*Asks:* 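Before I ask anything, here is the structure I am working with.
Keep in mind that the numbers below use all heavy atoms, side chains included, and drop hydrogens, waters and symmetry copies. The shown structure was predicted, so the numbers you read here are calculated from the model rather than taken from an experiment.
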Amino acid sequence: MNILSLFVLIPALMMLGLWIARNVNQVRGGMVTGASALLVLAVGLAVTYLHMRAGGASGEMLFTDSVMWYAPLHICYSVGVDGISVVMLLLSAVIVFTGTFASWKLKPLTKEYFLWFTLLSTGVFGFFITTDLFTMFMFYEVALIPMYLLIGVWGSGRKEYAAMKLTLMLMGGSAFLLIGILGIYYGAGAQTMNILDIARLHIPTAMQHIFFPAVFLGFGVLGALFPFHTWSPDGHASAPTAVSMLHAGVLMKLGGYGCFRIAMYLMPEGLAAWGDFFLVLTTISVVYGAFSAVVQTDLKYINAYSSVSHCGLVLFALQMMTRTSCTGAILQMLSHGLMTALFFALIGMIYGRTHTRDVRQLSGLMKIMPFLSVGYVIAGLANLGLPGLSGFIAEMTVFVGSFEHPDFFHRACTVIATMSIVITAVYILRVVGKILYGTCRNPEHLKLTDATWDERFAVICLIVYVAGLGLAPWWVSDTISFSVAPIVSHLNISCLPL
């Protein structure tokens, strides 16, 4: 069996184990075992991948395999990974592992919750390992569908409204995506749905102009592209803690990954025609998301709009199409996935004790729950780009790479996007000062306790990854840059440096 197929097999076995589990302890044991196996597998894959590259393996994709699934439409179960896929699998495994501990005491229907959570994880892992258009779309849908129940049943606030809004908007994006995928397949006259094979063919320019916006928009909706981002804040605010972690940390990254791997890679002439239009939308996303976060009073909404800004930065950097900016976009996906998961985990832990996320009702938490407060400060500093943490290296690579573009319009958009750095510092420092320092005004909060062992373990793991990426980014950036290079070259934009 191909090692990549284990990323789908292990979650399937986890769901089987959860289904036959008889009590909560067995459910937790099954989740920890499965999540640990996925993390070990992801780390092992990353190490093996790096050794193979160091040993001279030069293929665009490694660990490739293909099995015919539906011959009439040439649909195969095709798998393969490059450096981009490897780091996304590693990110997904980390979020699933820490999300398990963040949901350790979730009630009610613990068993059912983890079943849907694992199904969502299956879709995410499957999406990142596959190289077949239709199979990738299938895993994409598998990742989206559980969100409705996870938010609608186990969420809080206006959970039914948020779940329905999220589902309708993402399913609408999926409709555009399916149209675009069929357009690519028939437009290329392909005898396969393998991405690498289709990339060697030429889709007629007129068809690229039609189907590029469909595919980019289909994935862009999940990437919180303005003005189709409105599902994201409501979905984040209503989702349970671990679902918010997986949703913002990994699921939204499917949007940026798909835009780069499918829309841009397979339809470069469509990118040339529509690039400026989508660059304007992504620039708006970056600045609008940051400004919106400033005026929020709910901790989850603040982080949700921050995610709109940071995910917009991913699509923004991809539109610049320099090797440095695209490397920065993938680093931003990785960095944002880790730090937003940390943020949502901490917010959920604070809310579980105080029963409020309103900034105006929180103060002096540093004296009451110092561990959670210090974790929140670290997450905030990573979010605003403090050197030594993951946010700095990702954003610097994005902005430096974006400014490499020689065109005045692209450089002007870069200057506008950099405004988000200042705005982010405003809302992060304001919230940290408001809720953590000063005198606690609510006597009931003085009775609260700090983090439990399972919460501390999840938080420490995420902090280690955030700091590790910030202090030692070279192995990640080099791996990503190596895989970005052939895609950027394929786009054949001769005026841009590679």
Side-chain angles (χ1 to χ4, degrees), residues 2-12 14-15 38 41-42 45 61 63-67 69 75-96 99 116-147 150 166 170-171 173-174 176-178 180-181 184 193-196 198 215-216 218-224 243 245-266 311 314-315 318 329-330 333-334 336-337 483 487:
N2 188 291
I3 185 175
L4 299 181
S5 296
L6 293 176
F7 283 102
V8 177
L9 179 61
I10 291 175
M14 289 171 64
M15 287 189 286
L38 286 169
L41 179 63
L45 176 67
M61 290 278 185
F63 304 102
T64 55
D65 194 14
S66 183
V67 177
W69 186 12
I75 298 173
C76 297
Y77 172 73
S78 300
V79 295
V81 292
D82 60 2
I84 303 170
S85 308
V86 167
V87 297
M88 289 296 103
L89 288 169
L90 193 57
L91 170 65
S92 304
V94 169
I95 303 303
V96 170
W116 287 109
F117 183 80
T118 305
L119 180 62
L120 192 159
S121 306
T122 305
V124 169
F125 285 114
F127 182 86
F128 287 131
I129 66 172
T130 188
T131 58
D132 182 272
L133 281 175
F134 188 86
T135 308
M136 182 178 286
F137 178 77
M138 181 198 71
F139 280 118
Y140 181 84
E141 293 301 302
V142 169
L144 295 185
I145 293 172
M147 289 296 297
L150 286 169
L166 177 148
L170 294 185
M171 289 297 107
S174 296
F176 282 103
L177 184 56
L178 182 58
I181 287 175
I184 291 172
M193 284 202 176
N194 188 283
I195 295 172
L196 300 179
I198 293 177
V215 177
F216 196 93
F219 281 118
V221 171
L222 185 55
V243 176
M245 293 169 63
L246 192 59
H247 181 191
V250 180
L251 193 62
M252 292 179 72
K253 308 304 176 290
L254 271 60
Y257 183 92
C259 286
F260 190 48
R261 181 76 78 191
I262 298 178
M264 298 170 67
Y265 184 41
L266 301 184
C311 288
V314 172
L315 299 178
L318 293 176
I330 308 304
M333 290 166 64
L334 183 59
H336 175 259
S483 297
I487 299 178

*Asks:* With a cut-off of 6.0 Å (strictly less than), are more than 12 heavy atoms of other residues, nucleotides or ligands near CZ of F63?
*Replies:* yes
*Asks:* Walk me through whether I181 and F134 qualify under side-chain contact (heavy atoms from CB on, under 4.5 Å).
*Replies:* CA-CA 8 Å; I181 287 175; F134 188 86; 5.6 Å; no
*Asks:* Where do K253 and M333 come nearest, in terms of heavy atoms and distance?
*Replies:* CE-O, 3.1 Å
*Asks:* With a 4.5 Å heavy-atom cut-off, do I10 and F125 have their side chains touching?
*Replies:* no
*Asks:* Would you say the ring centers of F7 and F128 fall short of 6.0 Å from each other?
*Replies:* no
*Asks:* Hey, could you give me the CD1/CG distance between I145 and L119, rounded to the nearest 0.5 Å?
*Replies:* 8.0 Å
*Asks:* Go through the steps to decide whether S483 and M61 satisfy the test side-chain contact (heavy atoms from CB on, under 4.5 Å), and finish with yes or no.
*Replies:* CA-CA 9 Å; S483 297; M61 290 278 185; over 6 Å; no
*Asks:* Show every salt bridge (charged side-chain N to carboxylate O under 4.0 Å, His left out) that has at least one partner inside residues 118-147, sequence neighbours left out.
*Replies:* none
*Asks:* In Å and rounded to the nearest 0.5 Å, what is the CG to CG distance from L196 to L266?
*Replies:* 9.0 Å
*Asks:* Mind checking whether Y140 and F137 have parallel, tilted or perpendicular rings, split at 30° and 60°?
*Replies:* parallel
*Asks:* What's the shortest heavy-atom distance between C311 and G223, and which atoms?
*Replies:* CB-O, 3.6 Å
*Asks:* Quick one: closest heavy-atom pair of C259 and G220, and the distance?
*Replies:* SG-N, 3.9 Å
*Asks:* Of all heavy-atom pairs between G173 and V221, which one has the smallest distance, and what is that distance?
*Replies:* CA-CG2, 4.3 Å
*Asks:* Is there a side-chain contact between L4 and T64 (heavy atoms, below 4.5 Å)?
*Replies:* no
*Asks:* Search all heavy atoms of A143 against all heavy atoms of L254 and return the closest pair with its distance.
*Replies:* CB-CD2, 4.2 Å
*Asks:* Does the side chain of L170 come within less than 4.5 Å of M147's, by heavy atoms?
*Replies:* no
*Asks:* Walk me through it: do L222 and L144 pass the test side-chain contact (heavy atoms from CB on, under 4.5 Å)?
*Replies:* CA-CA 10 Å; L222 185 55; L144 295 185; 4.1 Å; yes
*Asks:* If you draw a 6.0 Å radius around OH in Y77, do more than 12 non-hydrogen atoms from other residues or ligands fall strictly inside?
*Replies:* yes
*Asks:* What residues form a side chain to side chain donor-acceptor pair (under 3.5 Å) with T130, not counting sequence neighbours?
*Replies:* none
*Asks:* Is the shortest side-chain heavy-atom distance between F127 and V142 below 4.5 Å?
*Replies:* no
*Asks:* What's the separation between atom CD1 in I3 and atom CG in L41, rounded to the nearest 0.5 Å?
*Replies:* 5.0 Å
*Asks:* I want to check something: taking the side chain as every heavy atom from C-beta on, are M136 and M193 in contact at a cut-off of under 4.5 Å?
*Replies:* no
*Asks:* I'd like to check W69 versus M138 (side-chain heavy atoms, cut-off strictly below 4.5 Å). Are they in contact?
*Replies:* yes
*Asks:* What distance separates R261 CZ from I487 CD1, expressed to the nearest 0.5 Å?
*Replies:* 4.5 Å
*Asks:* Could you measure the distance from the CD1 atom of I198 to the CG atom of L133? Nearest 0.5 Å is fine.
*Replies:* 4.5 Å
*Asks:* Please name the residue in the list L6, V96, L120, L38 that meets the side-chain contact (heavy atoms from CB on, under 4.5 Å) test with P11.
*Replies:* L38
*Asks:* CG/L251 to CG/L246 distance, rounded to the nearest 0.5 angstrom?
*Replies:* 6.5 Å
*Asks:* With heavy-atom distances below 4.5 Å as the criterion, would you say the side chains of I184 and I262 are in contact?
*Replies:* yes
*Asks:* Begin with the C-alpha distance, continue with both residues' side-chain angles, and end with the deciding distance and a verdict on side-chain contact (heavy atoms from CB on, under 4.5 Å) for M15 and T122.
*Replies:* CA-CA 10 Å; M15 287 189 286; T122 305; 3.9 Å; yes
*Asks:* So, do V124 and S121 sit near enough that their side-chain heavy atoms are less than 4.5 Å apart?
*Replies:* no
*Asks:* Under 3.5 Å, side chain of T135 to main-chain N/O of T131, donor-acceptor pair present?
*Replies:* no
*Asks:* Considering all heavy atoms of both residues, which atom of L318 and which atom of A329 are nearest to each other, and what is their separation?
*Replies:* CD2-CB, 3.6 Å
